[in-house]
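To start, the structure under review is shown below, and the notes come after it.
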Protein chains: 2
Amino acid sequence: MNYKSVISEKQKRMARFAKAMGHPVRMYVLELLSKQSCCYSGNLSDDLPIAKSTLSQHLKELKDAGLIQGEIEGPKVKYCINKDNWADARELFMQFLNQENQ
Amino acid sequence: MNYKSVISEKQKRMARFAKAMGHPVRMYVLELLSKQSCCYSGNLSDDLPIAKSTLSQHLKELKDAGLIQGEIEGPKVKYCINKDNWADARELFMQFLNQENQ
DNA sequence: ATACTTGTTCGTAAATTACCGAACAAATGT
DNA sequence: ACATTTGTTCGGTAATTTACGAACAAGTAT
């Protein structure tokens with residue numbers, strides 16, 4: 001896992017983000033959060049046909065990748081996009097997707 | 001794996017692409033191919049510190065996800081971006097990344 | 001015909017991912 | 001105090017991923 005040569009830091013960061021995005025449930029959550037500002041995992045749990053524990057894991061993964069952040073609010077948890085890292089990811093992907101014009 | 005509800009086809013397709021992009025080596029290859037038109041896997045093999053067979057697997061995965069295509073040319077294989085699917089992925093990601101403005 | 005180059009496939013091992021239900025922790029309501 | 005709601009963590013299992021070297025197939029060169 002230590003390709004110090006050839007492979008750039010950007011590529012590694014992008015791969016990390018992409019990996020987190022590499023599951024339908026996680027894309028669903030990300031898209032939801034990128035549209036509306038926040039959501040509670042309870043609502044997600046109602047909509048998605050998976051166990052609470054499974055959803056929790058997916059959310060953890062998005063959090064570990066830095067794409068979202070959770071905030072405890074009473075007994076619930078409110079999830080939002082992690083704006084800084086989201087901006088970073090955006091930037092990376094935009095650059096990457098526009099590369100043919102360079 | 002059959003979330004017929006809630007999760008859209010777009011989200012599933014994007015997750016598929018993202019998954020394929022979720023490894024540093026594959027991002028490296030994709031970025032290379034998106035800049036220059038094509039490359040031979042031999043050159044990749046020279047640059048990347050992984051076994052030929054491992055590289056071959058990564059290339060297969062990018063191919064299975066539809067992001068690249070390979071063409072046999074003599075004893076070598078020439079790899080290019082799969083333009084149609086690339087355009088599709090581009091479109092999907094662009095839409096996704098610009099969602100906050102909607 | 002034989003050797004070499006090139007890249008895929010096979011077999012295998014180790015690590016990671018995905019999923020579930022049960023158990024748990026923490027806050028809220030009664 | 002006790003029950004309820006909410007969400008995470010734990011334990012376990014099955015599937016997938018990542019990696020390697022060896023074996024193989026196919027084309028090229030001698």
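Throughout, protein chains are lettered first and strands after them, A, B, ... in sequence-line order, and every chain is numbered starting at 1. None of the values given here were measured: they were computed from a predicted structure. What's counted below: heavy atoms across the whole structure, side chains too, no hydrogens, waters or symmetry copies.
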Using a cut-off of less than 4.0 Å, is there contact between a side-chain N or O of B/Tyr40 and OP1 or OP2 of C/dT5?
-> no

Touch check for A/Lys78, heavy atoms < 4.0 angstrom, all strands: base, sugar-phosphate only, or nothing?
-> nothing

Of B/Lys83, B/Arg13, B/Lys10, which meets salt bridge (Lys or Arg N to Asp or Glu O under 4.0 Å) against B/Asp88?
-> B/Arg13

Which of the following nucleotides, C/dT9, D/dC20, D/dT9, is nearest to the side chain of B/Lys60?
-> C/dT9

For the pair made of CG in A/Leu59 and P in D/dT8, what is the distance, rounded to whole Å?
-> 6 Å

Please evaluate the base of C/dG21 for a donor-acceptor partner in the side chain of A/Ser53 within a cut-off of under 3.5 Å?
-> yes

Side-chain N or O of B/Lys19 less than 4.0 angstrom from OP1 or OP2 on D/dT17?
-> yes

In whole angstroms, the gap separating C1' of D/dT9 from CD of A/Glu61 amounts to 15 Å

Would you tell me if any nitrogen or oxygen in the side chain of B/Ser41 comes within less than 4.0 Å of OP1 or OP2 on C/dG7?
-> yes

Can you tell me the distance, in whole Å, between the CD1 atom of B/Ile72 and the P atom of C/dT5?
-> 20 Å

Taking only side-chain nitrogens and oxygens of B/His58, does any of them come within less than 4.0 Å of OP1 or OP2 of D/dA19?
-> yes

Walking DNA chain C from its 5' end, the first of A/Gly22 and B/Val77 to be reached, judged by nearest nucleotide, is B/Val77

Quick one: do B/Met94 and B/Glu91 satisfy side-chain contact (heavy atoms from CB on, under 4.5 Å)? Show the steps, please.
-> CA-CA 5 Å; B/Met94 286 299 204; B/Glu91 183 62 27; 5.6 Å; no

When you match A/Lys52 and B/Ala51 each to their closest nucleotide on DNA chain D, which lands nearer the 5' end?
-> A/Lys52

Taking it one step at a time, do A/His58 and A/Leu48 satisfy side-chain contact (heavy atoms from CB on, under 4.5 Å)?
-> CA-CA 12 Å; A/His58 283 305; A/Leu48 291 168; over 6 Å; no

Of A/Thr54 and A/Pro75, whose nearest nucleotide on DNA chain D comes first from the 5' end?
-> A/Pro75

Atom-pair distance (CD1 on A/Ile50; P on C/dC20), nearest Å = 7 Å

A/Arg16 has an atom CZ; how far is it from atom C1' of C/dT17, in whole Å?
-> 13 Å

In whole angstrom, give the distance that lies between atom CD of A/Gln57 and atom P of C/dC20.
-> 10 Å

Would the A/Trp86 and A/Phe93 ring centres measure less than 6.0 Å apart?
-> no

When all nucleic acid strands are considered with a 4.0 Å heavy-atom cut-off, which category describes A/Lys76: base, sugar-phosphate, or nothing?
-> sugar-phosphate

Rounded distance (Å) that lies between atom C1' of C/dT6 and atom CD of B/Glu71 = 16 Å

Determine the minimum heavy-atom distance between B/Leu33 and B/Ile81, stating which atoms define it.
-> O-CG1, 3.5 Å

Compare side-chain N and O positions of A/Tyr79 against OP1 and OP2 of D/dT6 and report whether any pair is under 4.0 Å apart.
-> no

Between CG of B/Leu48 and C1' of D/dC20 the distance, given in whole Å, is 16 Å

